[in-house]
Amino acid sequence: MATGFGFTLKATDGAARTGVIATPRGEIRTPAFMPVGTAGTVKAMMPDSVRATGADILLGNTYHLMLRPTAERIAHLGGLHRFMNWHRPILTDSGGFQVMSLASLRKLTEEGVRFSSHVDGSKHMLSPERSMEIQKLLGSDIVMCFDECPALPATDEVVAKSMRLSMRWAQRSRDAFGDRPGHALFGIMQGGVNRDLREESARALTGIGFDGYAVGGLAVGEGQEAMFSVLDYAPGFLPEGKPRYLMGVGKPDDIVGAVERGIDMMDCVLPSRSGRTGQAWTRMGAVNLKNARHKDDPRPLDADCTCPACRNYSRAYLHHVVKADEIIASMLLTWHNLHYFQELMQGLRDAIGEGRLAGFVAGFHAQRAAGDI
Ligand SMILES: CNc1nc2cc(C(N)=O)ccc2[nH]1
Ligand SMILES: [Zn+2]
């Protein structure tokens, strides 16, 4: 890891690991879940509330912030931590994934991607060099290489071509990042669902050398079975002593399965985005609070949950404010969902640390099968 960064493995249980990433802005307990703070805010949450749910680190999106308010403006105002009043670690993605999914009029070349903003149609360019410059301006603690994530399904030929471009971009990202004590650069493994291409990508990245390694190119519609089949081998192609980050994952059962297979970090919009649509994630499974069956239910969402929504409100109230589209509905359900995701991560860390992960996972699945939520 870069100077000022260190990953210490505390325990393993099968392929699963638990440890701590030390950074200049604080420690990250792994396995870790990163809430997504897309445009400099975890939607409907104050930063202190995000911390109160148990988050050690959050994610910022380069694509959104470069368009609005721009990375230069955030740098001029003291950087993203100061700007959004979150003083613990921030990981920023490279913009590569979102430019391909959100921008219009995109032109992809060896140089990078030219595109028009989905906000105002203005013209922009992202390249490994520009992405490193933006992430440096933002001041993020963990920087992601600029890569291309191919949409699935795709032929092996298309996936191979895309992966090899991303590996050339990884080298350019590394060169442009330079030597930045206190800041880490993570490479991103590509290769779709092809084992040989995944191994080729891992060899290329470890040959360049990074402070951590992401498994990219997943959670793009391949389905859980295909994702797990890749995770059955891909983390093992990466250096054991460096953090492994699975991008864009996921539902609680995706998270559990990924941790069992050796993943240390994840991010997903699910808990926050679904919280804004009235969906709650609980130990018993998902609860849709728009459903009329909650109209007269005086019980809390989860009697064993200590979050503000479960301590202070009935399902009937949550149903009411969701149906009335009240702002507090997003606040309470986002808080509960992030709290539940972090509680799940703590349960995984404890179980791995005590060598009882198999029992924890069995209990996790049994609770969800129990029904009556
Ligand atoms: C939500 N799924 C998802 N898959 C991702 C893949 C990447 C990637 N760089 O391969 C980045 C973000 C991602 N988000
Ligand atoms: Zn709760």
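Every number for a ligand or one of its atoms is a count from 1 in the order of the listing. Keep in mind that what you see is a predicted model, and the values were worked out from it rather than measured. Both backbone and side-chain heavy atoms feed into the values below; hydrogens, waters and symmetry mates do not. Numbering starts at 1 and runs along the sequence shown.
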Taking only heavy atoms of [X], which atoms of ligand 1 are found under 4.0 Å from at least one of them?
{"X": "D147", "result": "8 (C), 9 (N), 10 (O)"}
{"X": "A219", "result": "1 (C), 2 (N), 3 (C), 4 (N)"}
{"X": "G217", "result": "6 (C), 8 (C), 10 (O)"}
{"X": "C149", "result": "6 (C), 8 (C), 10 (O)"}
{"X": "G248", "result": "1 (C), 2 (N), 3 (C), 14 (N)"}

(message) Would you say that L348 contacts L344 through its side chain, given a criterion of any heavy-atom pair below 4.5 Å between the two side chains?
(response)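 The answer is yes, as the side chains (C-beta and beyond) meet within the 4.5 Å cut-off.
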
(request) Report yes if some heavy atom in the side chain of L246 is under 4.5 Å from a heavy atom in the side chain of R261; otherwise report no. (result) no

(message) Give me the nearest non-hydrogen protein atom to atom 4 (N) of ligand 1 as residue plus atom name, then the distance to 0.1 Å.
(response)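 Looking at atom 4 (N) of ligand 1, the protein heavy atom closest to it is L218 O, 2.7 Å.
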
(request) Starting from atom 12 (C) of ligand 1, locate the nearest protein heavy atom and write down its residue, its atom name and how far away it is, to 0.1 Å. (result)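 Nearest protein contact, heavy atoms only, for atom 12 (C) of ligand 1 is F97 CG, 3.5 Å.
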
[X]/[Y] aromatic ring centres below 6.0 Å:
{"X": "F146", "Y": "W169", "result": "yes"}
{"X": "F360", "Y": "F364", "result": "no"}
{"X": "F341", "Y": "F33", "result": "yes"}

(message) For S201 and Q190, which I'm curious about, is there any donor-acceptor pair between the side chains at under 3.5 Å?
(response)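 Side chains of S201 and Q190: no pair found under 3.5 Å.
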
(request) Tell me yes or no: between the side chains of T53 and W335, is some donor less than 3.5 Å from an acceptor? (result)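 Checked: T53/W335 side chains show no N/O donor-acceptor pair below 3.5 Å.
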
(request) Report the angle formed at the Zn ion (ligand 2) by atom ND1 of H336 and atom SG of C310, rounding to the nearest 10°. (result) 100°

(request) Using a cut-off of strictly less than 2.8 Å, determine whether H339 has an N/O/S atom near the Zn ion (ligand 2). (result) no

(message) With a 4.0 Å cut-off on heavy atoms, is Q98 in contact with ligand 1?
(response) no

